There are 2 protein chains.
Amino acid sequence: MSDLVRQAVDKLRSEGLRVTEQRRAILKALSQSESPKSADETHAALPVDTCDPVTAYRCLEQFEKAGVVERGVRENGTKVYCLGHGHGHHHHLTCRQCGRTERIDLCMGEEMEKVAEGFGFTEVSHVMEVFGVCPSCG
Amino acid sequence: MSDLVRQAVDKLRSEGLRVTEQRRAILKALSQSESPKSADETHAALPVDTCDPVTAYRCLEQFEKAGVVERGVRENGTKVYCLGHGHGHHHHLTCRQCGRTERIDLCMGEEMEKVAEGFGFTEVSHVMEVFGVCPSCG
DNA sequence: ATGAGTGCAAATAGTTTGCAAGCTG
DNA sequence: CAGCTTGCAAACTATTTGCACTCAT
């Protein structure tokens with residue numbers, strides 16, 4: 001089990017969530033994926049009969065609330081998740097054709113939050129995804 | 001009919017798209033909305049029997065391709081659209097509770113595109129939405 | 001007239017919910 | 001052993017598609 005998974009498992013415990021075989025498997029699958037995955041894709045990446053697809057949905061939702069995974073959105077609205085890569089917040093650049101994903105460390109989070117606070121908003125979060133056509137597909 | 005709508009209609013024509021009563025109504029509804037609307041919400045904002053919900057979906061999709069409207073995503077993945085407000089690209093700050101929306105002019109589009117081009121990507125676009133709890137709901 | 005646009009019905013995709021049974025802490 | 005979790009079935013929401021008909025150009 002990778003450090004990433006171990007770390008995630010610890011966080012789950014510290015958040016009062018239980019650690020099951022299914023959850024371990026889901027975290028492992030995410031840790032081995034270079035690009036963010038949807039709940040269904042995550043489930044598909046699991047060994048057969050690891051768990052029901054619904055469980056993947058429920059777990060990922062829990063994980064996000066617990067801050068164990070980060071959530072993004074595809075261009076079509078599909079929700080995707082990824083482990084924090086152990087290095088906090090970041091974004092992705094995704095190829096529209098082949099789905100290839102690159103990590104982008106650029107983020108205007110602080111600026112955004114300042115603006116949002118200026119409007120009196122609290123509990124600010126944001127979703128950002130960049131799309132394009134990669135060299136191989138262009 | 002507002003300038004915004006007139007402008008949009010012209011753009012439709014120049015893009016080779018046809019201008020129908022339904023499309024005019026959809027553009028008018030969007031022009032009168034302060035916040036981005038989903039296809040269904042846009043349809044709901046139309047006078048009864050203006051058109052079928054499906055038409056709203058299809059038109060908004062066309063409008064986006066033609067560059068007449070801008071598309072965003074809600075936190076839950078729902079696609080939303082808005083007229084360019086006549087002032088190009090911008091983003092929104094949306095209240096999770098009441099849906100109230102503020103416009104944000106801050107955008108790191110150029111930086112994003114530079115990074116994306118660095119990866120060899122083309123036809124770069126991005127989706128970004130900021131969410132929080134507004135003063136009234138906090 | 002001719003092809004873009006529309007309505008209606010039906011199919012999809014992604015995700016959520018209810019409830020009884022199972023397993024973790 | 002209490003309650004979080006899971007599985008299975010079913011409901012739901014947002015969106016898309018097929019096809020015949022209509023209308024803008």
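What you see is a predicted model, and the numbers here were worked out from it, not measured in a lab. No hydrogens, no waters, no symmetry mates; every other heavy atom, side chains included, goes into these values.
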Worksheet item: Cut-off 3.5 Å, side chains only: do B/Asp40 and B/Ser38 have a donor facing an acceptor?
Response: no
Fill in: Interatomic distance, B/Arg18 CZ vs D/dC23 P [rounded to whole Å]
13 Å
Worksheet item: Where each residue is assigned the nucleotide of DNA chain C containing its nearest heavy atom, which of B/Asn76 and B/Cys51 is assigned the position nearer the 5′ end?
Response: B/Cys51
Worksheet entry | Pair B/Glu75 + B/Arg96: basic N to acidic O under 4.0 Å | yes
Worksheet item: Which nucleotide in the list C/dT15, C/dT16, C/dC23 gets nearest to the side chain of A/Glu61?
Response: C/dT16
Worksheet entry | Separation of C/dG5 P from B/His43 NE2 (nearest whole Å) | 18 Å
Worksheet item: Can a salt bridge be assigned to the pair B/Glu64 and B/Lys11 using a cut-off of 4.0 Å between side-chain N and carboxylate O?
Response: no
Worksheet, complete the sentence: Given the options B/His126, B/Glu102, B/Glu129, B/His91 meets side chain to side chain donor-acceptor pair (under 3.5 Å) only with B/His126
Worksheet entry | Salt-bridge contact A/Lys114-A/Glu110 (side-chain N to carboxylate O under 4.0 Å) | no
Worksheet item: Phosphate oxygens OP1/OP2 of C/dC23: is one of them under 4.0 Å from a side-chain N or O of A/Thr20?
Response: no
Worksheet item: For B/Asp49 and C/dT6, what is the distance between atoms CG and P respectively, to the nearest whole Å?
Response: 15 Å
Discussion item. How many whole angstroms separate atom CG of A/Leu60 from atom P of D/dT5?
Written reply: 14 Å
Worksheet item: Closer than 4.0 Å, any side-chain N/O of B/Thr55 to the OP1 or OP2 of C/dT6?
Response: no
Practice prompt. Considering just the side-chain nitrogens and oxygens of A/Tyr57, establish if one lies under 4.0 Å of OP1 or OP2 belonging to C/dT16.
Written response: no
Discussion item. Less than 4.0 angstrom between a side-chain N/O of A/Lys79 and OP1 or OP2 of C/dA13, yes or no?
Written reply: no
Worksheet item: Side-chain N or O of A/Gln22 less than 4.0 angstrom from OP1 or OP2 on D/dT5?
Response: no
Discussion item. Which is more 5' along DNA chain D, the nucleotide nearest B/Val80 or the one nearest A/Thr50? Just name the residue.
Written reply: A/Thr50
Discussion item. Under 4.0 Å, heavy atoms only, any strand: does B/Arg74 hit a base, just the sugar-phosphate, or nothing?
Written reply: nothing
Worksheet item: Which nucleotide sits closest to the side chain of A/Val54: C/dT17, C/dT15, C/dG7?
Response: C/dT17
Worksheet, complete the sentence: Contacts of B/Arg58 and B/Thr78 projected onto DNA chain D by closest heavy atom; the upstream (5') one is B/Thr78
Practice prompt. Give a yes/no answer on whether the side chain of B/Arg23 brings an N or O atom under 4.0 Å of OP1 or OP2 in C/dT6.
Written response: yes
Worksheet entry | Whole-Å distance separating the CZ atom of A/Arg24 from the P atom of D/dT6 | 13 Å
Practice prompt. Take atom CZ of B/Arg13 and atom P of D/dA24, then tell me their distance rounded to the nearest Å.
Written response: 11 Å
Worksheet, complete the sentence: Here the distance between atom P of C/dG25 and atom CD of A/Glu21, to the nearest Å, is 10 Å
Discussion item. Distance check needed: D/dT15 P versus B/Glu64 CD, whole Å only.
Written reply: 12 Å
